[in-house]
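Chain naming here is simple, since letters A, B, ... match the order of the sequence lines and numbering starts at 1 in each.
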2 protein chains.
Amino acid sequence: MDNVSQEDYLTAIYRNLDEAGEIKPNLLASKLEISNAAVTDMLRKLSRDGFVDYQKYKGIKLTGEGELYAKNMLRRHRIWEVFLHQTLGMPWDKVHDEAEKLEHSSSDEIINLLEEFLEYPEVDPHGYPIPDKNGKIKKSKTVVAITELNENDTAKVIRVNDDVKNLLSYVTKIGISLGKEIIVKDKLEYDGSVLMMIDRKEVNISNKIASNIFVEKIK
Amino acid sequence: MDNVSQEDYLTAIYRNLDEAGEIKPNLLASKLEISNAAVTDMLRKLSRDGFVDYQKYKGIKLTGEGELYAKNMLRRHRIWEVFLHQTLGMPWDKVHDEAEKLEHSSSDEIINLLEEFLEYPEVDPHGYPIPDKNGKIKKSKTVVAITELNENDTAKVIRVNDDVKNLLSYVTKIGISLGKEIIVKDKLEYDGSVLMMIDRKEVNISNKIASNIFVEKIK
DNA sequence: TTATATATTTAAGTTCGCTTAAATTTATAA
DNA sequence: TTATAAATTTAAGCGAACTTAAATATATAA
């Protein structure tokens, strides 16, 4: 393919598929920060090239080829992130944007060599699994968003959504990192916000933020 | 700038300046493998943006800013090459093309971290010096092209032009690598080709190839 | 069910970096 | 010096990926 734009569309589609494996043009447009009209345009091309199943006014699906492509981009992205964080020491809230650029400029050969150099990491610095050469994604632990926890639940942070602007730097500020233990103290009915203990300090986070932090329940 | 095309123009200009510090549109077009008309077009933009001194029908010069920019791209390029070769083990005849893509997708921050990780290499895998953060290029040994050698001269290979298609893989085949010792046996007046000893074997190379291999005379 | 809001597509237009063809300028050689 | 060749620029046009505005289809709520 070798087309930055199309690669970005496929990745964005894959990242945002709903439970039915579909995504609406509208959502895609907002994720890519472009107009709906541009999306319609590109969908025709992606459809013509066999990467998406697309019919006017219907939800967008990926074809097998499209999904493979998207997973390969995700693989590139996450392997770069590991390299930037682990080898170069770049903070986890900066690697996403850098990897976003690198992923389009690296052959599979580089990626495979990098993977070997990094000793086959299983997850990226935000806890997301890295697809293998064949697009296979190892089933990871079952995680739930913090919003799913109940009062007095104790849990360990496994994954934080890196695709939401500024979320990571905010989350870092309030003391959250991978592996950190949290205890839910209270859940506010009113706005869905969650009061938790982190490092013996009380922290309140909004529902929206809580829904992007994934944890493993302890006991 | 953040514009792949303009970055490529500046790098190509810098790489191919003549003794007077100029380059002709025609040569630039052929290096970039595009039409002369496209070059004229882009020169106007680069001139408008203050990267080149350009007047119709005259040779092209870089401004101070343009030169800095070009050297920074060269820095990125060469640091990536060192990483690919030294850390990932990619052969020296493949790193150029890969670095060509990566150089446009990496912030200065990544490059600086990489440089540190690589322990401040002075040359790339083909023997070219790496400009520092400020664009300063360390003066390296005085080298001459093999074409400048005389019969019975012994010399050590210091640098091979990585910007010529397929040159490196050819040169590798005939046993040349950095640091290798060569002895000039004969120079053919007729076509300028050079007969040399490499690893106790006689090898004849054309004038064109000899002019792209740079050596340090021994005694 | 119908009115209205929202999502999607179509139409027309823009910028970028290219192309080919024609016009013009500069270089070269008889 | 002048004819011719080569280099350069101008002109017109193209495809890609976007935009805004208008048209149309779908979803939602009274």
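Summary of the strand contacts: A/Val39 and A/Lys58 both lie near DNA chain D, and taking for each the nucleotide with the nearest heavy atom, the more 5' one is attributed to A/Val39. Ranked by how close their nearest DNA chain D nucleotide is to the 5' end, B/Lys24 and A/Glu33 are led by B/Lys24.
Rounded to a whole Å, the NE2 atom of A/His104 is 14 Å from the C1' atom of D/dA17. Remark: C1' of D/dA16 and CG of A/Asp8 are 15 Å apart, rounded to the nearest angstrom. Note: NZ (B/Lys45) to C1' (C/dT15) measures 8 Å, nearest angstrom. Nucleotide C/dC16 holds its P atom 10 Å from the CG atom of B/Asp49, rounded to whole Å. In this structure, B/Leu28 places its CG atom 11 Å from P of D/dT9, rounding to the nearest Å. Spacing between atom CD of B/Glu7 and atom C1' of C/dG17 amounts to 15 Å, rounded to whole angstrom units. One can place CD of A/Gln55 at 17 Å from C1' of C/dA7, the figure rounded to the nearest angstrom. Atom C1' of nucleotide D/dA17 and atom CE of A/Met42 are separated by 6 Å, given to the nearest angstrom.
Taking side-chain N and O atoms only, A/Thr40 has no distance below 4.0 Å to OP1 or OP2 of C/dT8. Look at A/Arg44 and you'll find a side-chain N or O under 4.0 angstrom from OP1 or OP2 of C/dT10. Using a 4.0 Å cut-off, some side-chain N or O of B/Asn3 falls inside it from OP1 or OP2 of C/dG17. Considering only side-chain N and O atoms, A/Tyr54 lies nowhere under 4.0 angstrom from the phosphate OP1 or OP2 of C/dT8. Between B/Lys56 and the phosphate of D/dT10, there is a side-chain N or O to OP1/OP2 separation shorter than 4.0 Å. At the phosphate of D/dC18, OP1 or OP2 sits under 4.0 Å from a side-chain N or O atom of A/Tyr9.
Checked against B/Asp108 for a salt bridge (Lys or Arg N to Asp or Glu O under 4.0 Å), the options B/Arg76, B/Lys133, B/Arg75 give a single hit: B/Arg76. Across A/Val95, A/Val171, A/Ile158, a single residue satisfies side chain to side chain contact (heavy atoms under 4.5 Å, CB included) together with A/His126, and that is A/Val95.
Closest to the side chain of A/Ser5, out of D/dA17, C/dT20, D/dT8, is D/dA17. Of the candidate nucleotides D/dC18, D/dT9, C/dT9, D/dT9 has the atom nearest to the side chain of B/Asn36. Here the nucleotide nearest the side chain of A/Asp41, chosen from D/dT20, C/dT8, D/dC18, is D/dC18. Listed candidates were C/dT19, D/dA7, C/dA11. Nearest to the side chain of B/Asn26 is D/dA7.
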Test side chain to side chain donor-acceptor pair (under 3.5 Å) applied to B/His77 and B/Asp124, step by step: CA-CA 9 Å; B/His77 182 91; B/Asp124 76 15; 5.8 Å; no
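A salt bridge links B/Lys71 with B/Glu67; the closest basic N to acidic carboxylate O contact falls under 4.0 Å.
Both tests hold for B/Arg159 against B/Tyr128: distance to the six-membered ring centre under 6.0 Å, angle to the ring axis within 45°.
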